[in-house]
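Working notes for the structure below.
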Amino acid sequence: MNRPILVAVAWPYASGSLHLGHLAGAYLPADIFARYHRLIGNRVLMVSGSDGHGTPITVRADQEGVSPHEIVDRYHPEIVGYWDALGISFDLFTTTLTDNHRDVTWDIFRAHRERGTIVEEESLQFYDPQAQRFLPDRYVEGTCPHCGYDQARGDQCDNCGRTLDPTDLINPRSRLSGASPIQRATKHWFLRLAAFSDEVKAWLEEQEGWRKHVKNWALGMIDEGLPDRAITRDLNWGVPIPPEADTLGEGKRIYVWFEAVIGYLSAAKEWAQIQGTPEAWRDWWQNPEAESYYFVGKDNIPFHAVIWPAMLLGYGDHNLPTNVPANQYVTFKGAKASKSKGVGRSIGWYAERFEPDALRYAIASVLPEQNDTELTDDEIIRRINEELVATWGNLVNRVLTITTRNFDGRVPTPAALTDDDQAVLDAVDRGLTEIARLIEQVELRAGLRMAMDTATAVNVYLNAHEPWKLVTSDPDRGATVLWVAIAAIAGLGVAFSPYLPFTAPTLRSMLGGIDENGWVRPKVAAGASLGQVAPLFQKIMNDIPTDDG
RNA sequence: GGCGGCGUAGCUCAGUCGGUGAGAGCGCUCGACUCAUAAUCGAGAGGUCGGCAGUUCGAGUCUGCCCGCCGCUACCA
């Protein structure tokens with residue numbers, strides 16, 4: 001197999017620290033998927049980057065009295081540090097602040113403008129006459145028409161939770177100056193999404209293997225009708241409008257939702273340039289055999305399952321997503337908990353306290369692929385101690401300890417295999433096949449479960465044949481059983497490797513230096529010297545503060 | 001309010017096209033084993049599948065209504 005696989009991962013805002021929800025929602029599943037495909041020999045390109053534009057960044061910059069660029073310069077390296085610490089193996093993790101990204105954005109903008117699907121429209125917007133600025137909805141405050149709350153925002157009432165339009169507010173006022181905002185005409189560029197409704201709908205309907213909530217959501221959105229959507233804003237921070245189209249007046253930029261998704265393409269081009277093969281990106285974007293998978297949270301479904309495909313259709317000659325395996329959310333104490341209870345804890349907090357593979361295991365075993373999933377620190381520790389260490393780590397340790405002690409640190413030489421011996425090896429081979437199928441369907445949690453179940457089968461085999469007794473009562477048989485167990489562990493090591501990339505090479509060297517050789521049970525050579533045996537994972541004792549600590 | 005998803009054992013979750021007595025992991029109880037990080041293996045207890053009504057020979061699975069949670073609702077992305 002040698003398929004081109006694009007692994008496109010959501011672009012985090014460079015405006016704050018990421019938490020475990022981000023990791024579980026997008027980055028870890030993307031990495032597991034990418035590592036699997038690399039291992040089976042596919043050409044993987046995994047890209048993302050920090051989103052340098054957008055409201056959260058300008059809000060934070062305003063709060064701190066620094067430039068938005070300073071915010072990005074602070075958080076982008078922190079985010080990159082997470083990926084290094086946890087082995088999230090991007091081929092490129094860039095930002096949206098590059099000239100390359102601007103150029104690609106302009107290219108798509110121009111293509112749509114030429115075909116008439118980006119058009120100029122005039123709209124009325126609130127304007128603060130005192131501050132002399134157009135006001136985003138959330139900068140207009142007033143009294144909620146539904147509940148009477150007097151500090152409702154123009155986009156939503158925080159008291160009753162209803163969605164609002166700024167014109168709904170009673171006695172609207174500007175949050176900047178307190179002045180009464182006036183409605184004033186302003187021109188913006190709009191994307192005419194409706195022009196692509198039929199095409200996107202037909203495409204969505206023929207997609208198979210998509211998650212139910214993703215497909216239904218996207219189709220429902222189309223059935224409700226896709227309105228024209230403004231892609232520029234009255235801002236001074238963002239990708240500029242192409243010069244020939246920058247005719248709407250001062251202080252307008254392309255808004256982040258339009259350009260951020262373009263990052264997948266611009267990052268591929270940037271990667272190709274860095275490689276010194278500037279045309280190489282085409283293999284993932286224009287090769288009809290290429291596949292593309294977009295790992296995002298459920299809040300991002302409309303942008304990846306409807307809007308981005310529409311943008312690509314208008315651009316032409318680029319592949320639409322193969323799948324958008326959007327995850328639900330990880331919740332912490334009902335998602336409403338405070339930082340002190342664990343919600344706001346950064347990935348870095350966990351990365352400093354847990355071995356990376358242990359943390360990856362705990363998160364991968366609760367990936368919210370179907371439902372929101374509740375996760376606590378105690379649950380993470382439980383998964384590591386009761387599952388990872390007890391079943392898999394201990395299996396490796398018990399087998400290699402007996403072997404080292406009785407066979408002079410070498411892989412024993414087996415006699416003829418019995419049916420039981422062959423059966424356990426067959427179970428490992430079947431496990432590899434099944435796990436591969438699950439990973440390709442992006443059912444990563446089930447894949448990991450299957451790997452653990454297979455490890456249990458090997459533990460069962462050991463308990464049934466008791467090699468620790470055979471080594472004295474029937475040494476040939478003992479050698480055979482241990483050889484089988486080592487061969488099984490080698491196969492399991494392959495199955496676990498996309499999930500546990502840090503301990504995968506450690507295990508291979510313990511097993512006598514076997515090579516990585518695709519998604520098959522490796523051959524283990526009798527007589528090979530085993531490496532230094534040590535537990536793959538440490539059990540976590542009570543020295544890590546948990547939710548309540 | 002509208003749209004979508006979800007609500008299954010103490011906890012975290014599986015249940016494909018409706019069909020033999022509803023599943024897994026962990027926890028719990030009992031037992032086996034003792035090579036191994038007090039790890040492993042086996043057995044058992046534990047569920048009116050959110051509620052009500054309906055379709056059907058038969059529904060966790062389909063339909064309607066209700067309750068609860070999450071997301072979206074186009075100026076957060």
Side-chain angles (χ1 to χ4, degrees), chain A residues 10-13 51 53-56 59 123 125-126 134-140 146 154-156 162-163 165-166 188 193 211-221 223-230 233-235 255-258 260-261 296-304 307 326 328-329 331 334-335 365-376 378-379 382-383 385-387 389-391 393-403 405-406 443 445-446 449 452-453 456 458-464 466-471 478 482 533-541:
Chain A
W11 291 58
Y13 278 130
D51 185 340
H53 301 123
T55 310
V59 166
S123 60
Q125 233 175 70
F126 277 102
F134 281 101
L135 297 171
D137 286 358
R138 57 167 53 192
Y139 278 72
V140 181
H146 302 286
D155 56 343
Q156 186 178 35
R162 286 171 187 273
T163 305
D165 188 275
H188 280 289
L193 284 170
R211 293 184 183 161
K212 188 162 60 175
H213 65 272
V214 176
K215 192 164 176 175
N216 286 352
W217 205 102
L219 286 170
M221 184 176 164
D223 285 341
E224 284 175 41
L226 300 173
D228 295 353
R229 221 181 135 127
R233 293 284 189 282
D234 294 289
L235 292 171
Y255 200 51
V256 66
W257 73 258
F258 182 80
V261 286
V296 301
K298 64 175 165 182
D299 55 333
N300 249 319
I301 293 169
F303 289 90
H304 292 79
I307 295 177
Q328 308 267 352
Y329 283 172
T331 60
S365 63
V366 295
L367 292 177
E369 291 173 340
Q370 315 291 342
N371 301 324
D372 286 358
T373 298
E374 172 73 12
L375 183 64
T376 62
D378 287 344
E379 172 77 359
R382 203 223 89 210
R383 292 271 181 188
N385 287 350
E386 307 300 332
E387 297 181 9
V389 173
T391 302
N394 183 58
L395 169 62
V396 172
N397 193 234
R398 69 193 294 208
V399 169
L400 296 186
T401 301
I402 309 169
T403 306
R405 192 176 297 152
N406 292 285
E443 294 182 31
R445 183 174 171 157
R449 183 73 254 152
M452 287 301 279
D453 289 348
T456 295
V458 180
N459 274 322
V460 170
Y461 168 81
L462 289 173
N463 282 30
E466 302 183 308
W468 51 91
K469 290 181 179 170
L470 292 172
V471 290
L482 286 170
V533 178
L536 285 176
F537 314 98
Q538 292 304 316
K539 189 161 181 169
I540 293 163
M541 309 313 274

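In what follows, chains are A, B, ... by sequence order, proteins preceding strands, each numbered from 1.
- The strand RNA chain B forms stems, runs of 3 or more Watson-Crick or G-U wobble pairs with distances below 3.5 Å, at B:1-7 with B:67-73, B:10-13 with B:23-26, B:28-32 with B:40-44, B:50-54 with B:62-66.
- Taking A/Gln370 as the reference, nothing meets the side chain to side chain donor-acceptor pair (under 3.5 Å) condition, with sequence neighbours excluded.
- Salt-bridge annotation for A/Glu386 and A/Arg382: absent, with no side-chain N of the basic residue lying under 4.0 Å from a carboxylate O of the acidic one.
- Every residue two or more places apart in sequence or in another chain that forms a side chain to side chain donor-acceptor pair (under 3.5 Å) with A/His304 is listed here: A/Tyr264.
- A/Phe303 comes within 4.0 angstrom of a nucleotide base, judged by non-hydrogen atoms across all strands.
- Note on A/Asn216: only backbone sugar-phosphate atoms sit closer than 4.0 angstrom, heavy atoms only; bases stay farther off.
- A search for side chain to side chain donor-acceptor pair (under 3.5 Å) contacts involving A/Asn371 returns nothing, not counting sequence neighbours.
- Residues passing the side chain to side chain donor-acceptor pair (under 3.5 Å) test with A/Asn394: none are found, sequence neighbours excluded.
- A/Tyr329 meets the ring-ring contact (aromatic ring centres under 6.0 Å, His included) test with no other residue; sequence neighbours excluded.
- Looking at heavy-atom distances under 4.0 Å, A/Arg211 makes no contact with the nucleic acid at all.
- Residues passing the side-chain contact (heavy atoms from CB on, under 4.5 Å) test with A/Thr373 are A/Val366, A/Pro368, A/Arg445, sequence neighbours excluded.
- A/Tyr139 is linked by a ring-ring contact (aromatic ring centres under 6.0 Å, His included) to nothing, counting only residues two or more places apart in sequence or in another chain.
- Comparing A/Trp11 and A/Trp217 by the nucleotide of RNA chain B whose heavy atom lies nearest to each, the residue mapping closer to the 5' end is A/Trp217.
- Among the heavy atoms of the strands lying under 4.0 Å from A/Asp299 is at least one base atom, whether or not backbone atoms are also near.
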Can you check each nucleotide of nucleotides 33-40 of chain B against protein heavy atoms at under 4.0 Å and return B for base, S for sugar-phosphate only, - for none, in 5' to 3' order? -SBBB-SB
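- Using a 4.0 Å heavy-atom cutoff across all strands shown, A/Gln328 reaches sugar-phosphate atoms only and no base atom.
- No contact: A/Gly478 has no heavy atom under 4.0 Å from any strand.
- Side chain of A/Asn371, nearest nucleotide from B/G7, B/C76, B/A74: B/G7.
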